[in-house]
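These values consider heavy atoms only, across backbone and side chains, with no hydrogens, waters or symmetry-generated copies.
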Amino acid sequence: MFRSLDSRDVLLTTLAAAGILLVTMGARQSMGLFVGPLNTATGLGIATISLAMAVAQFVWGAVQPVAGAVADRYGARPVLVGALLLLALGSAITPFIDSAFGLVLTIGLMTAMGSGAASFSVLIGAAAQRIPLEARGTASGVINAGGSFGQFLFAPILQKLIQSVGWMGAMWAMALMTLAALPLIGRLTRAGAPPVAHAEADHGVLRAIGDALKDRSYRLLHLGFFTCGFHIAFLVTHLPGEVELCGLPPTVASWSLAIIGLANIAGSLYAGACVSRYRSKHILAAMYASRALLVAAYLMAPRTEWTFYLFAAGLGFTWLATVPPTAAIVGKLFGVRYLGTLFGLTLLSHQTGGFLGAWLGGLALVEFGDFSWMWYADIALAGMAALVNLPIREAKVTRRLAPA
């Protein structure tokens with residue numbers, strides 16, 4: 001699986017990107033743990049806090065193509081440095097906020113812009129510029145696994161900090177952990193590793209965006225990824241609330257999020273390996289279909305802590321494992337010259353779904369007292385996503401024979 005990463009430079013570049021994503025995704029995917037404590041401390045209400053979280057979901061996606069375009073033009077280093085500093089600053093300021101506008105500013109804008117600009121589009125784009133074609137699928141899986149490992153680490157640590165030093169102390173600790181990722185930027189963007197040459201013609205970023213948006217396959221990819229964002233944002237934001245409705249302790253939610261992250265490490269690595277063996281559109285269709293089946297099984301199961309843990313393990317295997325095959329399709333369709341920009345636009349679609357998943361989840365709880373209708377919507381959208389990926393234009397994978 002990892003044979004394509006046997007070069008020291010390729011391996012270190014990949015691990016540096018994975019380490020940065022570990023921190024930014026670990027912080028972002030654990031924000032749902034703060035919904036209850038924020039509501040208790042500020043009295044703003046679940047709907048208001050859910051709106052701030054929903055804005056964060058959308059902004060995280062909206063900043064991706066912008067950050068990707070800036071990185072494609074000026075390099076990833078200044079983008080990543082600014083992103084980590086902004087994420088740390090937003091986390092540090094949030095404990096001093098007691099208004100809806102303030103939460104939208106810190107959680108919805110600052111932390112989301114910081115974590116988004118130091119996320120998939122810039123990191124995978126920067127790595128793809130510095131590693132050979134045959135290593136990109138496996139490298140994207142390893143980078144993706146770094147984000148999942150961050151969720152596995154951050155969720156229980158932050159839950160423990162919330163219980164021991166309070167949610168404010170946990171936020172400040174998260175700011176410090178973010179700053180610890182700064183040294184990794186130098187390894188990823190080192191001056192001694194010039195970008196690989198591009199085989200595709202360069203007609204400028206605006207031409208690349210226009211051509212991509214005219215492509216039916218690219219639009220179908222966006223539609224499927226929209227569903228992925230809806231699903232993930234709903235669960236990240238409201239899984240703690242679902243656990244509470246079932247009368248279970250908060251630790252069940254934090255460990256469920258950690259299990260999702262742990263399972264997705266295996267899922268991301270497996271997805272990265274599958275990209276070099278199977279058509280990515282078939283990988284995505286199978287992932288989305290499995291989510292619909294898992295949610296249906298969860299709704300029929302008794303609400304015990306082991307139900308949540310098994311549900312988390314099943315969902316976690318495909319959680320963010322959709323990223324390597326999605327990025328692979330973008331790269332196959334349009335090349336890697338503007339991969340950061342074009343994959344960033346795909347992530348914007350993902351987070352538009354994320355905005356709706358986080359926001360509508362809060363509204364459903366206020367209106368109906370539970371999340372039943374959200375689960376039904378999730379099943380329907382996952383089934384639709386599985387179907388729309390099948391017509392995507394993608395050539396068969398050509399397998400290289402190993403040398404004798």
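Within the model, atoms CG of Leu158 and OG of Ser30 stand 5.0 Å from one another, a figure rounded to the nearest 0.5 Å. Between atom CG of residue Leu153 and atom CE of residue Met25 there is a gap of 13.5 Å, rounded to the nearest 0.5 Å. Atom-to-atom distance recorded for Leu44:CG and Ile97:CD1 is 10.5 Å, nearest 0.5 angstrom. Between the NE2 atom in His238 and the CG atom in Leu245 there is a gap of 11.0 Å [rounded to 0.5 Å]. Note: Tyr309 OH to Trp306 CH2 = 7.5 Å, rounded to the nearest 0.5 Å. With values rounded to the nearest 0.5 angstrom, Trp60 atom CH2 is found 4.0 Å from Ser119 atom OG.
Side chains of Leu84 and Ile185 form a contact here, defined as non-hydrogen atoms less than 4.5 Å apart. For the pair Val35/Ile46, a side-chain contact is recorded, criterion being any heavy-atom separation below 4.5 Å from C-beta on. Using a 4.5 Å cut-off on side-chain heavy atoms (C-beta onward), Met31 and Met174 make contact. Within the 4.5 Å cutoff, the side chain of Trp172 has no heavy atoms near those of the Val165 side chain. Residues Ile392 and Ile329 have side chains in contact (heavy-atom distance under 4.5 Å, counting atoms from C-beta outward). In this structure, the side chains of Pro250 and Val243 stay at 4.5 Å or more apart for every pair of heavy atoms. Using a 4.5 Å cut-off on side-chain heavy atoms (C-beta onward), Ser256 and Leu239 make contact. A 4.5 Å side-chain heavy-atom check between Ser115 and Thr111 finds every atom pair outside the cut-off.
More than 12 heavy atoms of other shown residues, nucleotides or ligands fall within 6.0 angstrom of atom CE in Met177.
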Step by step, would you call Leu22 with Phe154 a side-chain contact (heavy atoms from CB on, under 4.5 Å)? CA-CA 9 Å; Leu22 181 153; Phe154 272 57; 4.2 Å; yes

Full working for side chain to side chain donor-acceptor pair (under 3.5 Å) between Thr318 and Arg291:
CA-CA 8 Å; Thr318 68; Arg291 291 182 182 182; 3.2 Å; yes

(Q) Between Leu221 and Val388, does the side-chain contact (heavy atoms from CB on, under 4.5 Å) criterion hold? Intermediate values first, please. (A) CA-CA 8 Å; Leu221 191 66; Val388 301; over 6 Å; no

Where do Leu123 and Leu80 land on the side-chain contact (heavy atoms from CB on, under 4.5 Å) test, with the steps shown first?
-> CA-CA 9 Å; Leu123 293 173; Leu80 292 172; 3.9 Å; yes

Report task. Mind running side-chain contact (heavy atoms from CB on, under 4.5 Å) on Val323 and Phe343 for me, showing each step along the way? Result -> CA-CA 10 Å; Val323 170; Phe343 185 48; 3.7 Å; yes

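Side chain of Glu394 to backbone of Ser280: a donor-acceptor contact under 3.5 angstrom is found. A donor-acceptor pair under 3.5 Å is formed between the side chain of Thr307 and the backbone N or O of Pro302. Formation of a donor-acceptor pair under 3.5 Å by the Ser268 side chain with backbone atoms of Ile265 is not found in this model. Distance alone, capped at 3.5 Å, places no donor-acceptor pair between the Lys281 side chain and the Asn389 backbone. At least one donor-acceptor pair closer than 3.5 Å links the side chain of Asn264 to the backbone N or O of Gly316. A donor-acceptor pair under 3.5 Å is absent between the side-chain atoms of His231 and the main chain of Ala382, judged by distance alone. Looking only at distances, a side-chain donor or acceptor of Thr346 sits under 3.5 Å from a matching main-chain atom of Leu342. Looking at Arg219, its side chain never comes within 3.5 Å of a backbone N or O of Ala212 through a donor-acceptor pair. The backbone N or O of Gly102 sits less than 3.5 Å from a side-chain atom of Ser99, completing a donor-acceptor pair. Listed for the Arg77 side chain is a donor-acceptor partner under 3.5 Å among the backbone atoms of Thr189.
The only member of Phe225, Phe230, Phe355, Phe226 that meets ring pair (Phe, Tyr, Trp, His ring centres under 6.0 Å) when paired with His350 is Phe225. When Leu87, Leu85, Ile93 are each tested for a side chain to side chain contact (heavy atoms under 4.5 Å, CB included) with Leu89, only one passes: Ile93.
Annotation: side-chain hydrogen bond (donor to acceptor under 3.5 Å, both in side chains) contacts of Tyr218 (sequence neighbours excluded): His222. With sequence neighbours excluded, no residue forms a ring-ring contact (aromatic ring centres under 6.0 Å, His included) with Tyr288.
Relative orientation of the Phe34 and Trp167 rings is perpendicular, given thresholds of 30° and 60° on the angle between their planes. Between Phe234 and Phe371, the ring planes are perpendicular. Angles over 60° get that label, and only those under 30° would be called parallel. Between Trp373 and Tyr376, the ring planes lie perpendicular to each other; the angle is over 60°, past the 30° to 60° tilted range.
For Pro240 against Leu235, the heavy-atom pair with the smallest separation is CD-O, 4.4 Å. Taking every heavy atom of both residues into account, Asp378 and Val295 meet most closely at OD2-CG2, 3.8 Å. For the pair Ala118 and Ile20, the tightest heavy-atom approach, listed with the atom from each and the gap, is O-CG2, 4.2 Å. A pairwise comparison of heavy atoms in Ile107 and Ala52 identifies CG2-O, 4.4 Å as the closest pair. Closest non-hydrogen pair, Thr322 versus Cys228, comes out as OG1-SG, 3.4 Å. Taking every heavy atom of both residues into account, Ala83 and Ala117 meet most closely at CB-CB, 3.6 Å.
Because its NZ or CZ atom is both nearer than 6.0 Å to the ring centre of Tyr298 and within 45° of the ring axis, Arg303 counts as a cation-pi partner of that residue.
A salt bridge links Arg393 to Asp215: at least one charged side-chain nitrogen sits closer than 4.0 Å to a carboxylate oxygen.
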